[in-house]
Amino acid sequence: MYRLKYAAGSTFKYITLILGAFAALIPIIVVFFSSLKTNAEYGATSPLDPPQNWLNFSNYTKAFVDGKMLLGFGNTLFILTISIIGATLIGSMIAYVLSRFKFRGSKLLMGAFLLATLIPSVTTQVATFRIIDTLDLVNTRFAPIILYLGTDIIAVYIFLQFLDTISESLDESAMLDGASYITIFFKIVLPLLAPAIVTVIIVKGVNIYNDFYTPFLYMPGENLQVISTALFKFKGPYGSQWEVICAAIMITIIPILVAFIALQKYIYNGFAQGSVK
Amino acid sequence: MFANLSYKTQRRIIIIAFSLIPVVLLFTFAYLPVFNMFKYSFTNWNGYSKSFDYVGFENYQTIFTNPKYFSVFKVSLYYFGATFVQMGLALYFATILSFNIRFKNFFKGVLFFPYLLNGVAIGFIFLVFFRPDGTLDTLLQVIGLGHLSQGWLLNPNIINISLAGASLWRYMGFNFIIFLGAISSIGKDIYEAADIDGANRWHQFRHIILPSIKRILQLNLILAISGAISAFDIPYIMTGGSNGSNTFVIQTVDVAFKYSKLGLASAMAVVLLIIVILVTLLQRVLIKGDD
């Protein structure tokens, strides 16, 4: 009896898992199928029908060239690299100071960082826009970069958590050897923070790659399109050519898929750690 | 050179040097905008002219008396409702995938993957999904429910459910992975002890898993609420806010940048910020009383 009940429970589990996986995948699979269909075929066949020719990449070339996707990838990469390096350095430095030194105002500073997490950036966007405008950064690639650096409280948190696990006696023994604080930070602390850095890179990287709001608002210029805004531009002019739009969608998904498969383990850890325990 | 200084001097230098940039950024992009936003909200500034007048609470009055501005909050309720379904599903999948199961990694990967996708790509994927004779209609036909087909994005009564569904699809993986991480940090021996005591899976969930991940649940609930109020990507990309799918943020962006009413838009943002903070505080109080 117990065994029967157990088997039924187990079957139920697998059925729900398969349904869940199906729901997660089917919207993407349909887009993948459509991206390989010709215009006539797209109109005539059901969305669930696989394409006749699995090697029909003409939509991909069209999307890639007409949508100037290369430009989008270039800009995204530029913004991503600088923001991530900056966020890692700035975040680890302030976290080091906050975790290792007790000074007048250190509590206050910590509080200021904490309180800032309460402000959803989306609410202050209008006022932020004026500041970026005053700094003359609108329509430059530095507008999103400075915003990704400035609002990065999550990185500070992740570093703070890790620093707690690194023993302070390490710092002290280095000081006995006469190492300066700069040496201690760059030669001892930073290398030990490697797992935290990987976490920050992944969490931050995903956010930046996928962000639509910031580049859309701050960089409307033709030459400044990133992957999100490049894709968004397909709406309208390609209204009757969804197979091309589908190819463009796949072009933005493929790098993420490859990165996901390659970095799976780190990504899971990264998100678990990013969740402020 | 630096190393020759005393540790006390070094300490002072390093505190200032390492804090300077983060503090400047924090104040410029977190606190100054809030301060300015309050200031603008009492003006009739259009965002570009040199001068503007203070108009007192006029902008706030407009928001609270003109139903056009306040009705968008009804739309948030759909997203808010969807987050409960989303967190329920995430919790369910995270729980069953924490135990021995075949193809565990495959299922984990597939359920989480949508969260990694670009918001614009997701918007487009769901335009394909919801279009007439699109994926959803075809699927319904396959299982014999073809009569349920309809204008998923054309019918104002349905549109927000469709959009909230797309949003659920997008964010479920995030909740899932966070819950999975939290559940996996529970020691194995606790389950073993419970097994010996004859606790079934439901008891284990109710008395071991749920209490241990309470904090993460709370955090996700707060994120869900502010997320529901500030929904933007999906409705903006898919419908541009038409057919009754306008959200508060779409409206704020339109008022500010399309209609150049920066004062009014700022007042809307202030209202939004106050709601988010109130909800967060309220939740803290309620949940604390529960401990």
Side-chain angles (χ1 to χ4, degrees), chain A residues 13 17 20-21 24-28 30-31 34 46-48 90 93-94 96-97 101 103 109 112-113 116 118-120 122-124 126-128 130-131 147 149-151 175 178 180-183 206 209-210 212-213 227-228 231-232 242 245-246 249 252-253 256 260 264 268 271-272 275-276, chain B residues 2-3 7 10-11 14-15 18-19 21-23 25-26 28-34 36-37 40 93 96 101 107 109-111 113-114 116-121 124-126 128-129 134-135 138 169 177-178 181 216 219 226 230 232-233 237 249 252 256 262 265-266 269 272-273 276-277 280:
Chain A
K13 263 194 284 192
L17 275 175
L25 287 178
I26 197 73
I28 306 174
V30 166
V31 166
S34 305
S46 146
L48 300 180
I90 294 175
M93 283 169 155
I94 186 75
Y96 178 67
V97 168
F101 305 124
F103 52 95
L109 196 57
F113 273 99
L118 261 185
I119 311 165
V122 77
T123 60
T124 51
V126 176
T128 308
R130 302 313 316 165
I131 293 170
L147 286 173
L149 289 182
T151 48
M175 280 162 78
S180 70
Y181 277 119
I182 297 261
T183 318
V206 169
Y209 184 84
N210 289 338
F212 167 66
Y213 198 88
I227 278 302
S228 312
L231 186 58
F232 188 65
W242 272 94
I245 299 186
C246 286
I249 298 169
T252 66
I253 292 182
I256 284 280
F260 176 60
Q264 223 176 20
Y268 289 140
F271 275 95
S275 71
V276 191
Chain B
F2 183 76
Y7 276 115
Q10 275 193 33
R11 210 177 96 114
I14 214 151
I15 288 174
F18 278 16
S19 320
I21 298 175
V23 168
L25 287 173
L26 180 71
T28 320
F29 296 107
Y31 289 107
L32 187 59
V34 177
N36 283 347
M37 182 173 80
Y40 297 151
F93 284 124
I96 58 175
I101 208 152
F107 285 121
V110 166
L111 291 173
F113 188 64
L116 296 176
L117 299 186
N118 196 297
V120 184
F124 284 176
I125 287 172
F126 278 90
V128 176
F129 187 80
T135 316
T138 315
W169 185 87
I177 219 71
I178 302 289
I216 295 285
L219 181 78
S226 56
S230 48
F232 173 75
D233 279 28
I237 292 155
V249 178
T252 311
L262 209 105
S266 298
L272 182 57
L273 181 63
V276 171
I277 291 177
T280 314

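We name chains A, B, ... by the order of the sequence lines, and we start the count at 1 in each one.
- Residue Val34(B) touches chain A through both its backbone and its side chain, counting heavy-atom pairs closer than 4.5 Å.
- For the atom pair CD1 of Ile28(A) and CH2 of Trp169(B), the computed distance is 4.0 Å after rounding to the nearest 0.5 Å.
- For the pair Ile256(A)/Asn118(B), no side-chain contact is recorded, criterion being any heavy-atom separation below 4.5 Å from C-beta on.
- Residue Thr252(A) touches chain B through its side chain alone, counting heavy-atom pairs closer than 4.5 Å.
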Handout entry: From CA spacing to verdict: side-chain contact (heavy atoms from CB on, under 4.5 Å), Val126(A), Tyr40(B)
Key = CA-CA 10 Å; Val126(A) 176; Tyr40(B) 297 151; 5.6 Å; no
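- The ring pair (Phe, Tyr, Trp, His ring centres under 6.0 Å) search around Phe212(A) returns Phe216(A), Phe232(A), not counting sequence neighbours.
- Put simply, the side chain of Ile101(B) reaches to within 4.5 Å of the side chain of Lys13(A), judged on heavy atoms.
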Practice task
Go through the steps for Leu149(A) and Ile21(B) under the test side-chain contact (heavy atoms from CB on, under 4.5 Å), then give the verdict.
Solution key: CA-CA 10 Å; Leu149(A) 289 182; Ile21(B) 298 175; over 6 Å; no
Exercise for the section: Just do the side-chain contact (heavy atoms from CB on, under 4.5 Å) check on Ile15(B) and Tyr181(A) with the steps written out, would you? Expected result: CA-CA 10 Å; Ile15(B) 288 174; Tyr181(A) 277 119; over 6 Å; no
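- Residue Ser46(A) touches chain B through its side chain alone, counting heavy-atom pairs closer than 4.5 Å.
- Interface remark: Leu17(A) contributes backbone and side-chain atoms alike to the contact with chain B (heavy atom separation under 4.5 Å).
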Practice task
Give the intermediate values and the outcome of side-chain contact (heavy atoms from CB on, under 4.5 Å) for residues Thr138(B) and Val30(A).
Solution key: CA-CA 11 Å; Thr138(B) 315; Val30(A) 166; over 6 Å; no
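- When all heavy atoms of Thr135(B) and Pro47(A) are compared, the pair lying nearest together is N-CG, 3.9 Å.
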